[in-house]
There are 2 protein chains.
Amino acid sequence: VMTVVSKVTSFGKKAGKIGADDPRKVIHGVKVGIALTLVSLFYYTRPLYDGVGGCALWAVMTVVVVFEFTVGGCLYKGINRAVATSTAGTLAVGIHWIASKSGEKVEPIILSSSVFLLASAATFSRFIPNIKARFDYGITIFILTFSLVAVSGYRVDELLRLAQVRICTIAIGIAICLVVCVLVRPVWAGQELHLLVSRNMDKLADSLEGLVEDYFMKDKKVEGEVSCSQRSQGYKNVLNSKASEDSQANLARWEPGHGKFGFKHPWSQYLKVGAAMRYCAYCMEALNGCINSEIQAPEHMKRHLRDVCMRLSLGSSKVLKEISSSVKSMKESRSIQVLVGEMNDAVEELQVALRSLPKQLTQSPAAAAEAATIEKRHCVPATTISLMEVMPLFTAVSLLIEVSERVGG
Amino acid sequence: VMTVVSKVTSFGKKAGKIGADDPRKVIHGVKVGIALTLVSLFYYTRPLYDGVGGCALWAVMTVVVVFEFTVGGCLYKGINRAVATSTAGTLAVGIHWIASKSGEKVEPIILSSSVFLLASAATFSRFIPNIKARFDYGITIFILTFSLVAVSGYRVDELLRLAQVRICTIAIGIAICLVVCVLVRPVWAGQELHLLVSRNMDKLADSLEGLVEDYFMKDKKVEGEVSCSQRSQGYKNVLNSKASEDSQANLARWEPGHGKFGFKHPWSQYLKVGAAMRYCAYCMEALNGCINSEIQAPEHMKRHLRDVCMRLSLGSSKVLKEISSSVKSMKESRSIQVLVGEMNDAVEELQVALRSLPKQLTQSPAAAAEAATIEKRHCVPATTISLMEVMPLFTAVSLLIEVSERVGG
C-alpha cells in the first residue's frame with residue numbers, strides 16, 4: 001500500500017511540476033474540456049438536437065481528434081478533415097451510383113475492389129515524405145470516409161441526405177475547435193518555433209561560455225560549480241532539436257498571419273538556422289569530450305591560452321546572444337557587425353598565441369617538452385575546436401542576418 | 001498542361017523509387033486494402049449483418065486507425081483502443097446511472113461537468129512523457145468514448161446493449177488487423193530497431209574509413225572519388241536517429257517474442273547503444289569540418305601521420321563492423337577482443353607519431369616551422385578527434401558486449 005501511495009504522490013509531483021513549468025499545458029487541458037462541453041451543450045439544446053442531433057457523434061469525434069496544442073495543428077487537422085471528408089464522400093457516392101446501376105451481382109465486387117484499390121494506394125502515398133508532412137491525417141480520414149460510405153448498405157439518395165448532415169456536424173465540430181483554440185489563450189506553432197530557435201541560441205551561447213570557463217577554471221574550485229556546469233550542458237537540448245523544429249515548421253505553414261508574423265513568413269529559414277545551430281552543438285559535444293578527457297594539458301600551457309580562449313568564447317557567445325535578441329525582436333541588430341569583428345579579432349589573437357606555443361616548447365628542456373606535447377594534443381583540440389565553431393557561427397550569422405532582414409523592420 | 005504532366009510523372013517516379021527501395025511499403029498498402037476488404041465482406045454476409053451490422057461503422061473505423069506499419073504499432077493501438085473503450089465506456093455508464101438517479105435538472109450539469117473534468121485531466125496527462133510514450137492513443141480514445149457515451153441521450157439499459165455490440169465490433173476490427181498484420185509478411189518494430197542499429201554501425205564504420213581516406217588522399221585524384229565521398233557521408237543519417245529509435249523501441253515493447261527475440265528483449269539497451277553511436281557521429285561531424293576546412297596542413301605533416309591514422313581508422317571501423325555483425329547474428333564475437341587490442345595499438349602508435357612531430361618542427365628552419373604550425377592546428381584535430389572517437393567507441397564496445405551477452409547464444 002505504501003509503495004502505491006508513494007508512487008501516486010511522486011506521479012502527482014511530476015505532473016504538478018510539468019504544469020508549473022508550462023502553465024499553457026494546463027490551459028490546453030481546460031480548453032479541450034471547454035470545447036467538448038460546448039459540443040455537448042449544443043447537443044442538449046432541443047431544436048438543434050432534432051436537426052443534426054442524430055449525428056452529434058461526429059461533432060464530438062471531430063472535437064476530440066482535431067483539437068491540438070497549437071493553432072497550426074488545429075488548422076492542419078481541421079482543414080485536412082474537412083477536405084478529405086468531402087472529397088472521399090463525393091467519390092464514394094459516385095462509385096456507389098455506378099455500382100447500383102450495374103446489377104446486384106457485380107455491385108459488391110465493384111465496391112470491394114474500389115475500397116481495396118483506393119485504400120492500398122492512399123496508404124502507400126503516406127510513405128512519400130512531402131505528402132506525409134502535410135496530408136498524413138487527411139489521408140487517414142479519406143480512407144475512413146470512403147470505406148464507410150462504400151461499405152454502408154444505403155441507397156444513393158439516402159447517402160446524399162446523410163452526407164449533408166454529417167458534413168454539417170463535422171463543420172460545427174471544426175468551428176468550435178478553431179474558435180476555442182484561437183480565442184482562449186492561443187498557442188501559435190510559428191511563435192513556438194520562433195522562441196525555440198532564439199532560446200536554443202541563448203543556450204548555445206551560455207554553454208559555450210560555460211564549457212570554456214569550466215575547462216580553464218577547473219583547478220580553482222569555484223563556488224557554485226554545479227550551476228556552472230549545469231549551464232554548460234544546455235547545448236545538449238540542441239543536439240536533438242530537429243524533430244520538434246520540423247514538426248513546428250510544418251504546422252506553422254498552416255497558420256494565417258498573427259502578431260509580428262506575416263502570412264508568408266519564411267519558416268524554412270528557421271530550419272536552416274536550426275541546422276546551423278545543431279552543427280554548433282555537435283562541435284560543442286566534441287569540445288565537451290576534450291574537456292572531460294582524463295589526460296589534461298599542463299598548467300603552463302593552459303595559462304598561456306586561457307585569456308585569449310576566454311575572450312574568444314565570450315566574443316562568440318556575445319554574437320550568439322546578439323543574434324538571438326535580434327531574432328526575438330525581429331530587428332536587424334546594429335552592433336552585430338562590431339561584435340563579429342571583435343570575435344574575429346579574438347580568433348586572430350588565438351592564432352598568434354598558438355603560433356608562439358612551439359617556441360615555448362623549444363625553450364624548455366627536451367624531456368619536459370616531450371611530456372608536454374603528449375598532453376598538448378588534449379589541449380589543442382579544445383582551442384582549435386572553438387576555432388572550428390567559429391565557422392558554423394559565420395554560417396549562422398549570415399543566415400540570421402538574412403532572416404532578420406526578411407522578417408524584421 | 002505540360003507542367004502538370006511533368007509534375008505527375010516526376011511524382012510517379014518518386015513514388016516508384018520509394019516502392020522499389022522498400023517493397024514492404026507497397027506490401028503495407030496492400031495489407032491495409034486486404035484488411036478493409038475483409039471487413040466489408042464481413043459486412044456483406046447477411047447473418048452477420050443482422051447481428052453486428054448496424055455498428056459495422058466501428059469495425060471499419062477500427063481497421064483504418066489501428067492498422068500500422070509494424071506489428072508493435074498495431075498491437076499498441078489495438079490494445080490501447082480496446083482497454084480505453086471498455087474502461088471509458090464502463091465509467092461513462094456509471095456516471096450516466098448516477099446522473100439519471102439525481103433528477104432531470106441536475107442530470108445535464110453532472111454529465112457536462114464530468115465530461116469537462118475528465119477531458120481536461122486526460123488531455124493534460126498526455127504531456128507527461130511516460131504516459132505519452134505508451135498510452136497517447138489510448139487517452140484519445142478514452143476521451144472520445146467517454147464523451148460519446150456521456151453526451152448520448154440514451155437510457156442506461158439501452159446503453160448497455162449498445163456498448164456490448166460496439167465492443168464486439170471493435171474486437172472484430174482489432175482481430176482482423178492483427179491477423180492480417182502478423183500473417184501477411186509481418187514487419188516487427190523490434191527487428192527494425194535491431195537492423196537500424198547494426199546498419200547505422202556499418203555506416204559509421206564506412207564513414208570513418210572514408211573520411212580519413214578522403215583527407216589523406218585528397219591531392220591524389222583517385223577515380224571513383226564521388227562514390228568515396230558519398231560513402232563518407234553516411235554518418236549524417238546517424239546524427240538525427242534519436243526520434244526513430246525511440247519510437248521503434250516504444251513499439252517493440254508491445255511485441256511478443258518473435259524470431260530470435262525473446263519476450264523480454266532488452267530494448268532499452270539498443271537506445272544506449274544508439275546514444276553512443278550518435279556521440280561517435282557528432283565527433284565525425286567535427287572531424288568532417290576539419291577535413292573540409294580551407295586551411296590545410298602541409299604535405300610532409302600529412303605524410304608523417306598518414307599511415308598511422310589510416311591504420312587507426314581501419315582498426316576502429318573493423319571493430320565497429322565486427323560489433324555490427326555480432327549484433328546482427330546475436331552472437332558474442334570471439335575476435336572482438338583481438339580487434340580492440342589492434343585498435344589500441346594503433347592509438348599508441350599515433351601517440352608515438354605525434355610525439356615525434358615537434359622534433360621534426362625544431363629541426364626544420366624557424367620560419368618554415370612557424371608557418372607549418374599555424375596550419376598544424378588544422379591537422380592535429382583531424383588526428384586527435386579520431387583519438388577522441390575511440391573513447392565513445394569503448395563505451396559502445398562495452399555496451400554491445402553486454403547486449404550480445406544478454407541476447408546472443
Side-chain angles (χ1 to χ4, degrees), chain A residues 14-15 18-19 25-26 28-30 32-33 36-37 40-41 43-44 56-57 60-61 64-65 108 111-112 115-117 119-121 123-125 127-128 140 143-144 147-148 151 240 242-243 279 282-283 285-286 289-290 351 354-355 358 361-362 369-370 373-374 377 380-381 384-385 388 391, chain B residues 14-15 18-19 25-26 28-30 32-33 36-37 40-41 43-44 56-57 60-61 64-65 108 111-112 115-117 119-121 123-125 127-128 140 143-144 147-148 151 240 242-243 279 282-283 285-286 289-290 351 354-355 358 361-362 369-370 373-374 377 380-381 384-385 388 391:
Chain A
K14 219 159 79 180
I18 288 171
K25 289 178 178 170
V26 181
H28 174 64
V30 174
V32 172
L36 268 178
T37 317
S40 67
L41 284 179
Y43 189 80
Y44 273 116
L57 148 67
V60 171
M61 200 177 277
V64 172
V65 294
L111 288 177
S112 300
V115 166
F116 177 79
L117 285 178
S120 300
T123 304
F124 176 70
S125 78
F127 286 111
I128 299 166
T140 312
I143 301 175
L144 180 61
S147 343
L148 279 183
V151 161
N240 291 311
K242 186 172 170 30
Y279 184 69
Y282 297 153
C283 288
E285 176 75 43
C290 291
Q351 285 177 336
L354 282 172
R355 218 172 298 179
L361 286 181
T362 42
E370 210 168 299
T373 34
I374 305 171
R377 282 175 299 108
V380 170
T384 23
I385 289 169
M388 290 260 324
M391 289 180 199
Chain B
K14 221 159 77 181
I18 290 171
K25 289 177 178 171
V26 180
H28 174 63
V30 173
V32 172
L36 269 177
T37 317
S40 67
L41 284 180
Y43 189 79
Y44 274 114
L57 150 67
V60 172
M61 198 176 277
V64 172
V65 294
L111 288 177
S112 301
V115 167
F116 177 80
L117 285 178
S120 301
T123 305
F124 176 71
S125 78
F127 287 111
I128 299 166
T140 312
I143 301 175
L144 180 62
S147 343
L148 279 183
V151 161
N240 291 310
K242 187 173 171 22
Y279 184 68
Y282 297 153
C283 289
E285 176 75 45
C290 291
Q351 285 176 336
L354 281 172
R355 218 172 297 181
L361 287 181
T362 41
E370 211 167 298
T373 34
I374 305 170
R377 281 176 298 108
V380 169
T384 22
I385 288 170
M388 290 261 322
M391 288 179 199

Legend entry - Pairwise side-chain contact, A:Phe124 with B:His28, heavy-atom cut-off 4.5 Å (strictly under): no
Legend entry - Sidechain-backbone polar pair: B:Ser120 side chain, A:Gly29 backbone, donor-acceptor under 3.5 Å: yes
Legend entry - Interface moiety of B:Lys14 toward chain A, non-hydrogen atoms closer than 4.5 Å: side chain
Inset, instruction - Let me know if B:Ala243 has heavy atoms under 4.5 Å from chain A in its side chain, its backbone, both or neither. - result: side chain
Inset, instruction - Could you check B:Val32, B:Val30, B:Leu36 and say which one makes a side-chain contact (heavy atoms from CB on, under 4.5 Å) with A:Phe116? - result: B:Val30
Legend entry - Shortest non-hydrogen contact between A:Gly33 and B:Ala119, atoms and distance: CA-CB, 4.2 Å
Inset, instruction - Between chain B and each of A:Val64, A:Ile143, A:Leu117, A:Val65, count heavy-atom pairs under 4.5 Å; write down the option with the most. - result: A:Val64
Inset, instruction - Kindly compute the distance separating CE (B:Met61) from CG (A:Leu144), expressed to the nearest 0.5 Å. - result: 5.0 Å
Legend entry - Atom pair CG/OG1 of A:Leu111 and B:Thr37 - distance to nearest 0.5 Å: 11.0 Å
